[in-house]
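To find a chain, count down the sequence lines: A is the first, B the second, and so on, and within it residues start at 1. Any value given below was found using the heavy atoms of this structure, including those in side chains, with hydrogens, waters and symmetry copies removed.
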Number of protein chains: 2
Amino acid sequence: MNIGAAAERSNLPPKTIRYYEEIKLVKPARAQNGYRDYCDADIHRLRFLQRSRSLGFSIEECRTLLSLYEDENRASSDVKALALEKITEIDRKVEELQGLRNTLHALAENCHGNDKPDCPIINDLAGKI
Amino acid sequence: MNIGAAAERSNLPPKTIRYYEEIKLVKPARAQNGYRDYCDADIHRLRFLQRSRSLGFSIEECRTLLSLYEDENRASSDVKALALEKITEIDRKVEELQGLRNTLHALAENCHGNDKPDCPIINDLAGKI
DNA sequence: CTTGACCTTCCAGTGACTGGAACCCTCATG
DNA sequence: CATGAGGGTTCCAGTCACTGGAAGGTCAAG
């Protein structure tokens with residue numbers, strides 16, 4: 001299967017698939033004309049990568065997950081630990097974003113939003129409190 | 001004032017300050033020995049940048065905010081619009097992260113987390129439903 | 001005069017792609 | 001048989017916002 005078909009089946013752009021090969025996440029065979037030739041297992045790996053990336057795992061985490069995916073002797077606790085770690089990380093990000101949001105919201109609330117230059121948002125950014 | 005002092009006063013690392021000069025966000029004078037020489041207005045700009053960056057504005061947004069900051073004829077509505085846009089953007093990010101979080105949480109809930117290989121998280125990533 | 005802290009420039013790397021140029025392969029059509 | 005479309009290939013550069021490090025210049029203190 002050529003890269004175009006693999007892209008369609010994995011829901012990843014060809015460029016990304018080549019990149020994943022460059023960083024050794026997939027190792028497709030080559031046809032005689034030099035084209036990459038993806039087998040079913042390759043497609044499974046690509047789909048796995050697409051899903052885990054879209055769930056917010058970094059490339060290195062995906063590499064770990066992929067090795068667990070292909071390890072018949074894996075312990076599900078290892079996978080669960082990664083997932084829980086990621087959840088904690090997401091929670092931290094959400095909290096930080098909500099802090100920013102609240103600050104911005106409070107500033108915007110106090111801003112008249114008219115054609116005059118006086119602006120509490122600018123004042124805050126400038127450190128004038 | 002040398003870059004070290006400017007860094008201390010603006011709460012930005014010297015490397016970052018040099019980078020901000022490279023992308024033309026600040027234009028400090030130069031002393032005879034070639035050292036950068038920051039005046040009070042430069043420090044204000046740097047502090048402004050530090051604060052707006054830490055509130056989640058991109059460099060280009062900071063550039064806009066900075067030009068508003070220094071525009072005596074600005075309309076506060078322009079600043080408010082930027083802030084509200086950023087709030088919407090943050091809300092979108094938070095929602096997306098919470099979606100991921102919930103998905104991961106649901107998967108982790110169903111995972112025994114023991115030494116057996118059977119794992120709903122891996123199954124989901126592999127597309128086995 | 002030397003030491004050490006500070007400053008300078010320039011180059012390279014980060015993460016995860018993405019765009020583009022220049023070129024090759026294959027197949028259908030005129 | 002030439003040609004054009006629509007694949008594929010490699011390699012280089014760019015993104016964003018820094019950050020690290022090397023090689024060297026400057027300055028104040030001891």
Side-chain angles (χ1 to χ4, degrees), chain A residues 1-39 42-43 45-66 86 89-90 93 96-97 100, chain B residues 1-39 42-43 45-66 86 89-90 93 96-97 100:
Chain A
M1 187 184 330
N2 283 352
I3 199 168
E8 223 167 293
R9 292 216 201 177
S10 63
N11 211 17
L12 286 169
K15 278 270 183 189
T16 302
I17 298 182
R18 289 196 198 95
Y19 172 67
Y20 285 174
E21 179 175 352
E22 192 187 325
I23 60 174
K24 300 192 171 63
L25 282 173
V26 262
K27 293 117 188 151
R30 293 286 174 140
Q32 286 196 325
N33 56 11
Y35 286 18
R36 288 167 178 83
D37 186 14
Y38 296 87
C39 66
D42 292 328
I43 302 299
R45 291 176 75 92
L46 289 173
R47 292 178 65 85
F48 186 96
L49 287 167
Q50 193 277 326
R51 280 161 185 266
S52 37
R53 283 292 296 133
S54 74
L55 272 177
F57 290 99
S58 74
I59 288 284
E60 284 319 305
E61 287 164 337
C62 287
R63 203 186 291 279
T64 305
L65 284 169
L66 205 49
K86 189 48 66 174
E89 198 183 314
I90 293 175
K93 264 190 215 162
E96 192 191 330
L97 284 175
L100 294 180
Chain B
M1 187 185 331
N2 283 351
I3 200 169
E8 225 167 292
R9 292 216 202 176
S10 63
N11 212 18
L12 285 169
K15 278 269 184 190
T16 302
I17 298 181
R18 289 196 197 95
Y19 172 67
Y20 285 173
E21 180 176 351
E22 192 187 326
I23 62 174
K24 302 190 171 63
L25 282 174
V26 263
K27 294 116 187 153
R30 292 286 175 141
Q32 285 196 327
N33 57 12
Y35 286 18
R36 288 168 179 84
D37 185 15
Y38 296 87
C39 67
D42 292 329
I43 303 299
R45 291 176 73 92
L46 289 173
R47 290 178 67 85
F48 186 94
L49 287 166
Q50 192 277 324
R51 279 160 186 266
S52 38
R53 283 291 296 133
S54 74
L55 272 177
F57 290 99
S58 75
I59 287 285
E60 285 318 305
E61 285 164 339
C62 288
R63 202 186 292 278
T64 305
L65 285 169
L66 206 49
K86 187 52 64 174
E89 197 183 315
I90 293 175
K93 264 190 213 163
E96 191 191 329
L97 284 175
L100 293 181

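Atom P of nucleotide D:dT26 and atom CG of B:D37 are separated by 17 Å, given to the nearest angstrom. One atom, CZ of A:R18, and another, C1' of D:dG8, lie 7 Å apart when rounded to the nearest Å. For B:F57 and D:dA17, the CZ to P distance is 13 Å, given to the nearest whole Å. Atom CD of B:E22 is separated from atom P of D:dT15 by 12 Å (rounded to the nearest Å). Put simply, CD on B:Q50 is 15 Å from P on D:dA17, counting in whole angstrom units. Atoms CG (B:L12) and C1' (D:dT19) sit 14 Å apart, rounded to a whole Å. D:dT10 atom P lies 13 Å from atom CD1 of A:I17, rounded to whole Å. Put simply, NZ on B:K15 is 9 Å from P on D:dG21, counting in whole angstrom units.
Using a 4.0 Å heavy-atom distance criterion, B:P13 is classed as a sugar-phosphate-only contact. The residue A:R53 sits close only to the backbone: its heavy atoms come under 4.0 Å of sugar-phosphate atoms, none of a base. Residue contacts shown for B:I23 are absent, as no nucleic acid heavy atom lies under 4.0 Å away.
The shortest side-chain heavy-atom distance between B:R9 and B:L46 does not fall under the 4.5 Å cut-off. Residues B:Y19 and B:L25 form no side-chain contact, since every pair of their non-hydrogen atoms from C-beta on lies 4.5 Å or further apart.
Here the CG-OG distance, from A:L66 to A:S52, works out to 7.0 Å after rounding to the nearest 0.5 Å. Atoms CG and CZ, from A:L12 and A:R18 in turn, are 12.5 Å apart once rounded to the nearest 0.5 Å.
One finds no side-chain N or O of B:R36 lying less than 4.0 angstrom from the OP1 or OP2 phosphate oxygen of D:dT26. Contact annotation: B:T16 reaches the phosphate of D:dT19 (side-chain N/O to OP1 or OP2, under 4.0 Å).
Using modelled atom types, no side-chain atom of B:N2 and backbone atom of B:G4 make a donor-acceptor pair closer than 3.5 Å. With hydrogens and angles disregarded, no donor-acceptor distance shorter than 3.5 Å links the side chain of A:K86 to the backbone of A:F57.
The nearest heavy atom of DNA chain D to B:E60 and to B:N33 marks one nucleotide each, and the one closer to the 5' end goes with B:E60.
Residue pairs meeting the salt bridge (charged side-chain N to carboxylate O under 4.0 Å, His left out) criterion with at least one partner in residues 19-35 of chain A, sequence neighbours excluded, are A:E21-A:R30, A:E21-A:R36.
Counting 5' to 3', DNA chain C first comes under 4.0 angstrom of a heavy atom of chain B and last does so at the ends given by C:dC6 to C:dC10.
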